[in-house]
Visitor: 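Questions regarding the structure given below will be posed in turn.
Order of appearance sets the numbers: ligands from 1, and atoms from 1 within every ligand. Sequence positions, counted from 1, serve as the residue numbers for this chain. What you see below is based on every heavy atom in this structure, not just the backbone, and it leaves out hydrogens, waters and symmetry mates.
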Amino acid sequence: MGDKISVLLEEEKVDARIREIGEQISRDYAGRSVHLVCVLKGATFFTCELAKRITVPVTLDFMSVSSYGNDTKSSGVVRIVKDLDESITDKHVIVVEDIVDSGNTLSYLLTILKERGPASLALCTLLDKPERRVVDVAVDYTGFEIPDKFVVGYGLDYAQKYRNLPFIGVVEVED
Ligand code: IMP
Ligand code: MG
């Protein structure tokens with residue numbers, strides 16, 4: 001029935017860190033506008049909270065990608081399920097992700113977006129599991145580095161569940 005979920009990062013801690021990243025981005029992009037590209041669905045909660053903490057002008061767009069096939073250790077080839085609505089040419093783009101794991105998805109996504117000629121392209125992720133990295137990805141803003149555990153909440157899911165948890169939790173697999 002219900003899975004056991006233990007708290008890894010409390011709501012207050014996540015909120016405080018997002019506030020800090022928002023302040024940092026506001027300083028780094030002073031005098032410019034930022035165009036946030038939210039990677040659906042996991043990054044939606046983070047993107048909304050982050051956008052509220054940025055004080056320079058913000059525009060938003062959304063993109064959805066999925067790995068080819070069911071293989072969790074993906075080949076690094078991802079399919080665009082939903083493309084952006086607007087052009088990113090000449091915009092200061094920040095890709096907002098929930099988590100960087102192997103790095104496959106982001107590495108591919110950043111390559112595609114770079115070809116569209118943004119004025120600048122940065123990556124902001126709420127969580128990072130550096131131990132799992134297969135492909136090098138330059139992350140500009142990281143909320144938290146976490147151990148190699150499967151986490152849920154704050155947008156992250158386990159079989160589409162638990163995205164709405166206001167904290168980051170670890171699903172305890174019963175054996
Ligand atoms: P990557 O291509 O391996 O970096 O895959 C990253 C994607 O895998 C993320 O955008 C998530 O959708 C998913 N993912 C990786 N680790 C977790 C986790 O611990 N919980 C939930 N989703 C995860
Ligand atoms: Mg994701």
Visitor: Is any side-chain heavy atom of V151 closer than 4.5 Å to one of I146?
Guide: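 Yes. Closest side-chain heavy atoms under 4.5 Å.
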Visitor: Is D157 close to ligand 1, meaning an N/O of one under 3.5 Å from an N/O of the other?
Guide: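 D157 vs ligand 1: no N/O contact under 3.5 Å.
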Visitor: Using 30° and 60° as the class boundaries, would you call the ring planes of Y29 and Y141 parallel, tilted or perpendicular?
Guide: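 Aromatic pair Y29/Y141 classed tilted.
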Visitor: Between R79 and V65, is there a side-chain heavy-atom distance shorter than 4.5 Å?
Guide: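 In short, these two side chains do not touch, never coming nearer than 4.5 Å.
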Visitor: Could you list which atoms of ligand 1 come closer than 4.0 Å to a heavy atom of K149?
Guide: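 Within the 4.0 Å cut-off of K149, ligand 1 contributes 19 (O).
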Visitor: Yes or no: does G103 have any heavy atom under 4.0 Å from an atom of ligand 1?
Guide: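 Heavy atoms of G103 do come under 4.0 Å of ligand 1.
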Visitor: Would you indicate which of I99, D101, T105 comes nearest to atom 13 (C) of ligand 1 when only heavy atoms are counted?
Guide: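 Residue with the shortest heavy-atom distance to the ligand atom: I99.
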Visitor: Evaluate the side-chain proximity of E10 to V14: yes if any heavy-atom separation is below 4.5 Å, no if none is.
Guide: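 The answer is no, as the side chains (C-beta and beyond) never meet within the 4.5 Å cut-off.
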Visitor: Below 3.5 Å, N or O to N or O, backbone or side chain included: is there any such pair between L106 and ligand 1?
Guide: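 No.
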Visitor: Does the side chain of L127 come within less than 4.5 Å of L9's, by heavy atoms?
Guide: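 Sidechains of L127 and L9: in contact.
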Visitor: Out of all atoms in ligand 1, which are within 4.0 Å of some heavy atom of E97? Include the element for each.
Guide: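 In order of numbering, the contacting atoms are 10 (O).
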Visitor: Just go through V151, V152, L109, L156 and tell me whose heavy atom is the nearest to atom 20 (N) of ligand 1.
Guide: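 Among V151, V152, L109, L156, the closest heavy atom to atom 20 (N) of ligand 1 comes from V151.
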Visitor: Between R133 and D148, is there a side-chain N and carboxylate O pair less than 4.0 Å apart?
Guide: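 Salt bridge absent between R133 and D148.
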Visitor: Tell me the nearest of Y162, Y158, F150 to atom 21 (C) of ligand 1, using heavy-atom distances.
Guide: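 Among Y162, Y158, F150, the closest heavy atom to atom 21 (C) of ligand 1 comes from F150.
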